[in-house]
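Convention: sequence-line order gives letters A, B, ...; per-chain numbering from 1.
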Number of protein chains: 2
Amino acid sequence: MATIYDVARLAGVSPATVSRVFNGTTVTPQNERVVKEAAAELDFVPNRTARTLRLRSSDIIALVIPDIENPYFTALARGVEDEARAAGYSVVLCNTDDDMSRESGYLDVAVSEHMAGVIIAAASDRSDLSPLLDRNKAVVAVDRVPRGAAIDAVTVDNVAGGRAATTLLVERGYRRIACIAGPADVETSTRRIAGWSAALEAAGLPEDPTLLEHADYRVDGGYAALERLLAHDERPDAVFVANNLMSVGALRALRDAGIHPPAVGIASFGALPFSTSAPTGVSTVSLPARELGSAAARILLERIAGDRQEPRTVVLEAVPVV
Amino acid sequence: MATIYDVARLAGVSPATVSRVFNGTTVTPQNERVVKEAAAELDFVPNRTARTLRLRSSDIIALVIPDIENPYFTALARGVEDEARAAGYSVVLCNTDDDMSRESGYLDVAVSEHMAGVIIAAASDRSDLSPLLDRNKAVVAVDRVPRGAAIDAVTVDNVAGGRAATTLLVERGYRRIACIAGPADVETSTRRIAGWSAALEAAGLPEDPTLLEHADYRVDGGYAALERLLAHDERPDAVFVANNLMSVGALRALRDAGIHPPAVGIASFGALPFSTSAPTGVSTVSLPARELGSAAARILLERIAGDRQEPRTVVLEAVPVV
DNA sequence: CTTGCGTCTGAAATCGATTTCTGTAACGCT
DNA sequence: AGCGTTACAGAAATCGATTTCAGACGCAAG
């Protein structure tokens, strides 16, 4: 691999001059030409590792997400990418699989690779961002905010969304409305539950705590949770499902039980991914996933550029689909 | 950020000793203890950039894929991750969006960051891997192999899969079977078309070239392609769709046209992602996405470990779902 | 002709970890 | 006691780019 020294030698200049050519400082047009020719000749690609070591910062942004297989997060990733690339940064994705140790491993990588910044959808409420914060690395939380972290955040209004989704079921005449929530230690989940409760209360419906099932935000978890609800003594007549993938699981469980949606109502927080059939009996509240990503990226880029204002939280709306 | 020198000073040893403690070479138990205490005290995280610069190789593997929003590729990513992590490597994902210039940008990043290796599902037949190969970086192609690249590859048997999918339609009695293929410059697409042709020929059915539509392997492309087929003078009675996302688009187009699947048969290459309804009138050939990823990762890891044998190609089967 | 200023260049230090090479101490053996 | 061997530690070079500092040169003004 050709280095800046090889280029310098071939061009008959010093390494400093080669560096200057690639960094836009003043160089004779003559020298610029010679250096560029030499670089092309040698197929020179600057060594980013050396550059990063010297500058103590690279132009890579890490996006840390809990589930790469969830289309919601991949759409979010697209939003991040669009903004970041436009600003000249590369984005790398890190999948934590909801595992805090994997997450902290990736955070260490981000720190020790001197990445420019991190956008993170935390694996848990208790995710520890201190490795980043202590070294005042630019960080933006997206979708989920770890408890007590005083950082920029971009989220959706989970309470309002949960209420809206549940209300759709109420309006359609369902009375005994269950909830399949996400993990108890994930912020978005507790808020969506709060929205569910609020909607029930507003409608004057009884809130039966046994109708709350926790699952894992995955397809299989939603499937199992719905099975548990069906086995209930007093079976619910509708279910508010707190994320897209669990809704898929819940619908599969219904199908396998020979029940078809209007019979049991389903409201999904987040549109069903890649659905092909007109949603009969399924209400959804849709999330601006891509916008979450791009908003987070914009804030991160400002921080990287040196913005020092107080951390702010941007809340986007979840919109009920009619 | 604490460095190895800070740790050395606090522990009263030389930087070399600190390095040895973290790399498992022989050090007095006494020194080991002192160094570890000092490191913990200072919250020391080794600077990977410096390490990589010196060693000329990091322990990060890049996975370059054309469409992060396609569940097939994210499942593949999971396969890669599982293997790579087990071997102590971190995986970063790079999304090229089928764009060769973005792709080559990421390949340059992989080279100039001295990543340990690259697994790539190429954006095109004509993708240029020479930046990697010239510097003999470990590379494995997965899913798609750029034309003429003499490298390790893990693919599915696209011809057999295309034939099997088409044959399912033939067996169900359809006679005028169209094909919605992917981009003309993508290897998997041309092979799946070949499978479609072979099945038609084997069944003695006429092969009408106007029944072949090219699209982009995306949902919207599949939608538009199906609309074009419906507008045909002699409308097809079934369609072989060459990937999962286009099948979603095609089914949506059918739905919007008021046609329901058994009326027009659909065979999808790749299972429908997150489907919730029992597939009526939709045949699928399912792909071992995760296995593709893990097989590719295993080969890459062997190469990284120094394997020098001839490049080999592993072909996995696409299995018709009954 | 000298002074002064501006423009451009190169030498060398720097970022932080790894590793070779050299040196010292301790130990076992004859 | 003398010698060889092993085990460990430290000094210093190294990876490749950036950047400071100082020097060289040209040109204009006095």
Output a table of nitrogen or oxygen pairs between the protein and nucleotides 23-27 of chain C separated by less than 3.5 Å.
none

Check every strand shown and say whether [X] touches a base, only sugar-phosphate, or nothing at a heavy-atom separation below 4.0 Å.
{"X": "A:Val13", "result": "sugar-phosphate"}
{"X": "A:Tyr5", "result": "base"}
{"X": "B:Thr3", "result": "sugar-phosphate"}

Closer than 3.5 angstrom, by distance alone: can the side chain of [X] be matched with the main-chain N or O of [Y] as a donor-acceptor pair?
{"X": "A:Arg135", "Y": "A:Pro131", "value": "yes"}
{"X": "A:Glu103", "Y": "A:Ala123", "value": "yes"}
{"X": "B:Asp125", "Y": "B:Glu187", "value": "yes"}
{"X": "B:Ser112", "Y": "A:Asn47", "value": "no"}

Taking the side chain as every heavy atom from C-beta outward, state whether [X] and [Y] have any atom pair closer than 4.5 Å.
{"X": "A:Val7", "Y": "A:Glu41", "result": "no"}
{"X": "B:Asp143", "Y": "B:Thr155", "result": "no"}
{"X": "B:Arg78", "Y": "A:Glu69", "result": "yes"}
{"X": "A:Asp307", "Y": "A:Ile299", "result": "no"}

Report the distance from atom [atom1] of [X] to atom [atom2] of [N], rounded to the nearest whole Å.
{"X": "B:Asp6", "N": "C:dG16", "atom1": "CG", "atom2": "P", "answer": "8 Å"}
{"X": "A:His114", "N": "D:dA17", "atom1": "NE2", "atom2": "C1'", "answer": "14 Å"}
{"X": "B:Asn23", "N": "C:dT20", "atom1": "CG", "atom2": "P", "answer": "12 Å"}
{"X": "B:Leu55", "N": "D:dG16", "atom1": "CG", "atom2": "C1'", "answer": "14 Å"}
{"X": "A:Ile4", "N": "C:dG10", "atom1": "CD1", "atom2": "C1'", "answer": "13 Å"}
{"X": "B:Glu32", "N": "D:dA9", "atom1": "CD", "atom2": "P", "answer": "10 Å"}

**Study point:** salt bridge (charged side-chain N to carboxylate O under 4.0 Å, His left out) partners of B:Asp152, counting only residues at least two apart
**Key:**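 Testing B:Asp152 for salt bridge (charged side-chain N to carboxylate O under 4.0 Å, His left out), a comparison that skips the adjacent residues, returns B:Arg303, B:Arg312.
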Exercise for review: Please test A:Glu113 against A:Ser58 for side-chain contact (heavy atoms from CB on, under 4.5 Å), starting from the C-alpha separation and ending with a verdict.
Suggested key: CA-CA 8 Å; A:Glu113 292 278 348; A:Ser58 76; 6.0 Å; no
Should [X] and [Y] count as an ion pair when the cut-off is N to O under 4.0 Å?
{"X": "B:Glu83", "Y": "B:Arg298", "value": "yes"}
{"X": "A:Arg48", "Y": "B:Asp108", "value": "no"}
{"X": "B:Arg218", "Y": "B:Asp97", "value": "yes"}
{"X": "B:Asp98", "Y": "B:Arg144", "value": "yes"}

Review point. Judged by modelled atom types alone, do B:Tyr217 and B:Asn70 share a side-chain donor-acceptor pair under 3.5 Å?
Key: no
Exercise for review: Go through the side-chain N and O atoms of B:Tyr106 and B:Asn95 and say whether any donor and acceptor fall under 3.5 Å apart.
Suggested key: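 The criterion, which ignores hydrogens and geometry beyond distance, is not satisfied for B:Asn95 and B:Tyr106.
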Check your understanding: By a strict heavy-atom criterion of less than 4.0 Å, which residues belonging to residues 36-54 of chain B are in contact with DNA chain D?
Key -> B:Leu53, B:Arg54
Check nucleotides 23-25 of chain D for protein N or O atoms closer than 3.5 Å to its own N or O atoms and list the pairs.
none

Distances under 3.5 Å between nitrogen or oxygen atoms of protein and nucleotides 5-8 of chain D:
{"from": "D:dC8", "atom 1": "O3'", "to": "B:Thr28", "atom 2": "OG1", "distance (Å)": "2.9"}

Exercise for review: Quick one: pull up CD1 in A:Ile119 and CG in A:Leu63 and give me the separation to the nearest 0.5 Å.
Suggested key: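 Rounded to the nearest 0.5 Å, the CD1-CG separation comes out at 6.0 Å.
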Check your understanding: Think B:Thr17 has a side-chain N or O under 4.0 angstrom from the OP1 or OP2 of D:dG10?
Key ->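 Checking D:dG10 against B:Thr17, a side-chain N or O does come within under 4.0 Å of OP1 or OP2.
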Practice item. Establish, with yes or no, whether the OP1 or OP2 oxygen of C:dT18 is under 4.0 angstrom from a side-chain nitrogen or oxygen of B:Arg56. Key: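 Answer is no, no contact under 4.0 Å.
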Exercise for review: Return the angle between end axes of the helix from C:dC1-D:dG30 to C:dT30-D:dA1, with five pairs used per end and rounding to 10°.
Suggested key: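 Inter-axis angle at the termini of the helix from C:dC1-D:dG30 to C:dT30-D:dA1: 50°.
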Point to revise | Per A:Arg20 side chain, nearest of listed nucleotides C:dG10, D:dG10, D:dT19 | key: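 Within the option list, the nearest is C:dG10.
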